[in-house]
Amino acid sequence: MSALQLSHQDLLKIYRTMRMIRRFEERVMAEMATGDIPGNTHLYAGQEASAVGVCLQLEEGDYISSTHRGHGHSIAKGVDIDSMMAELFGRASGTCGGKGGSQHIADLRKGMLGANGIVAAGAPITCGAALSMKVLGSRQVAVAFAGDGAMNEGVMSESFNLAKIWNLPIVFVIEDNGFGEATANAAVSAGSFTRRAESYDIPTLEVDGTDVFAVYSAAGEAVERARGGGGPTMLHVHVPRYYGHYSGDPDTYRTPEEKKAMRQERDCLVSFRRRMKEVSLLEEAELDAVDQEVEAAIDQAVAAARAAPFPPLSALTSDVYVKYL
Amino acid sequence: MAQKSFRQALNEALHFEMARDPRVIMMGEDLTGGAGANGVKDAWGGAFGVTKGLLGAFGPERIRDTPISEAAFIGAAAGAALTGLRPIAEIMFVDFAGVCLDQIMNQAAKFRYMFGGRAKTPLVIRATYGAGSRSGSQHTQALHSIFTHIPGLKVVIPSTPYDAKGLLLQAIRDDDPVIFLEHKMLYDTVGEVPDGAYTIPFAEARVARDGKDVLIIAIGRMVSVAEEAARKLAADGISACIIDPRTTSPLDEDTLLDFTDKIGRVVIVDEANPRCSVATDISALLADKSFDALKAPIKLVTAPHSPVPYAPNLEDAYIPTAAAVAKAATSIAKR
């Protein structure tokens, strides 16, 4: 898929969403330092082109599941950033009423089945969403985002198997940032991820996850196959991870040179801007305007989150069940 | 009323609800058995024959034989429940929950709460449990205490064919995840079961036998053991009342407390291991809220704190017996 085939509106949307994810994450990192966001978060910055490239191929009724690094996928699938920010602040106006937090942001109305605190757990759940689509006879598809760490969980392989034998309308997107927490993927993963999926006769594509058009194109092929009844596909997407594993991670296992080079050479926003200039599709001024618009939206989300009330204490034990006694 | 087996009662409930609601699907290992092979279809109908005939009636789209892959298919059932279906997943032996506990306790049980009440998970996990079949430690556990401990799950443990049908229909119609536990040694027991559909609400304990001297609270298969003990006790002039909670989560605390207040002497019978169990939980409840009514210490008759053994003499000694229940009841009846 070439950039030239996308509409002006889509190109702007791609940039706006990638920018929104980046600034959301950078702002979350800053707000963590103030102590107003409790606990910890796992930041997606650097991987924006993957979530955006995939989700641009999806419709609102399609489903995605995410990982512990779930903010980017949520934003790309259209979850409202005001309620996401409020959720991070633990406020009643959050996506989950303040009861989920960063690792559990979900919005079923947007087809977002949840970030997940358990590595690889979203894969079988997404198979279930794809099964629903199949049984209910809809043309919707489901996408399971997972990291390279998830590939070494047994349930990932089980999910490949289930998806294939049931011919489910699902796409597995493996975002490989090279590290499972602080452990290098190279040190703990045998063989190749694509060969693992191929051994289940699942077609695979390997993609540069800093190139949103490459991701968009690969995802398009995978989603079209799923929607057309052709079953699962696996995308192995190579992405950088700008921050450490979690927001408090000093990230000393990577050298300053590596990190600097990663940011200089593998920034999806920089390469997108360069590309737009080369093909003269979007003006610098238009992109700058998007930056400002994003900045204002994030400022507003943070201000609203900070001003919002915490959940009432009665929420502590509500919504455990639909109906109990 | 027609006499039917526990197995048949469950089968009727599954047939009825699948016919009534197209969103109900089933999945599990050997749920049909023989699907994909050249022999007779529906060969097994599950390892215990409970799901026989469902494939023929509803087809392979709604009755799915799964790979031996509990984490994947229990997770898929949870995901399907989240997105518009009402799946029933079968874990052949509840012991195998060990390989998919993440999907049960971290995922299905938590969706609603973590998502701020904006999700429901109408999932039923059916599983067999219980000792008595000489099957060894990994095919015979009674794990209802573990599931009862986890908020978000409901736990059903029927003791009669009548209850099995009514509670299963209720479970399938419930919008929360339900663990439905079937004792292997109960499948052939027979009782009165109406042909039509009926439901039994959760948290409504059943008075299995009325009596005035001793209250026996018995769980699952232990209800029949308690009934045998009550007959013995009656011969000795002791009148035993038996209550079957039917669901351990939610628990019908009111009925348990009312009868404790009335009778004052309590024996709790459970096949599960005793530590941190439903038996100790009920005991604590009664001690907390009905202490003044108690005329004697609460007695627990449970399995020992050990895995289930294989040798027939050891397994028989593991399972609480009517003699042990009668002895415990007698020890407090005259105090």
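Here is the naming used below: chain letters follow the sequence lines, and residue numbers restart at 1 for every chain. None of these values were measured; they are calculated from a predicted model.
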Quick one: what part of A:Ile170 sits under 4.5 Å from any heavy atom of chain B, side chain, backbone, both or neither? neither

Between B:Phe115 and chain A, which part of the residue has a heavy atom less than 4.5 Å away: side chain, backbone, both or neither? both

Part of A:Met133 lying under 4.5 Å from any heavy atom of chain B: side chain

Side chain, backbone, both or neither: which part of A:Asn116 has an atom under 4.5 Å from a heavy atom of chain B? side chain

Name the option with the most non-hydrogen atom pairs under 4.5 Å to chain A; the candidates are B:Gly79, B:Ser249, B:Ala78, B:Gly116. B:Gly79

Which distance, rounded to the nearest 0.5 Å, do you find between the CZ of B:Phe111 and the CD1 of A:Ile125? 3.5 Å

Which of B:Ile74, B:Leu153, B:Thr66, B:Leu251 touches chain A most, by non-hydrogen pairs under 4.5 Å: B:Leu153

Quick check against the 3.5 Å criterion: does B:Asp176 have a side-chain atom that pairs as donor or acceptor with the backbone of A:Val322? yes

So which part of A:Ile165 gets closer than 4.5 Å to some heavy atom of chain B, the side chain, the backbone, both or neither? side chain

Measure the CE-CG distance between B:Met27 and A:Leu131 for me, rounded to the nearest 0.5 Å. 5.0 Å

Identify which part of B:Ile25 has an atom lying under 4.5 Å from any heavy atom of chain A, answering side chain, backbone, both or neither. side chain

Could you tell me which portion of A:Ala163 (side chain, backbone, both or neither) has an atom closer than 4.5 angstrom to a non-hydrogen atom of chain B? neither

Test your reading of the model: is there a side-chain donor-acceptor pair from B:Tyr113 to the backbone of A:Tyr321, 3.5 Å cut-off? no

From A:Leu162 atom CG to B:Arg64 atom CZ, the distance as rounded to the nearest 0.5 Å: 8.5 Å

Closest non-hydrogen contact found for A:Pro124 with B:Gln103 is CG-NE2, 3.3 Å

Close side-chain approach of B:Phe73 and A:Glu158, heavy atoms under 4.5 Å: no

For A:Leu325 against B:Pro250, the heavy-atom pair lying closest together: CD2-CB, 3.4 Å

Just verifying a value: how many Å separate A:Leu136 CG and B:Leu85 CG, rounded to the nearest 0.5 Å? 4.5 Å

Quick one: what part of B:Thr121 sits under 4.5 Å from any heavy atom of chain A, side chain, backbone, both or neither? neither

Can you tell which part of A:Leu113 gets under 4.5 Å to a heavy atom of chain B, answering side chain, backbone, both or neither? both

Between the CZ atom in B:Arg118 and the CZ atom in A:Arg109, the distance rounded to the nearest 0.5 Å is 6.5 Å

Under a 4.5 Å heavy-atom cut-off, does chain A meet the side chain of B:Asp175, its backbone, both or neither? both

Gap separating the CZ atom of B:Arg112 from the NZ atom of A:Lys99, nearest 0.5 angstrom: 9.0 Å

Is it the side chain or the backbone of A:Ser318 that comes within 4.5 Å of chain B heavy atoms, both, or neither? backbone

Measure B:Leu123 against the heavy atoms of chain A and call it side chain, backbone, both or neither at under 4.5 Å. neither

Looking only at non-hydrogen atoms, find the nearest pair between B:Thr83 and A:Ser132 and report the distance. OG1-OG, 2.7 Å

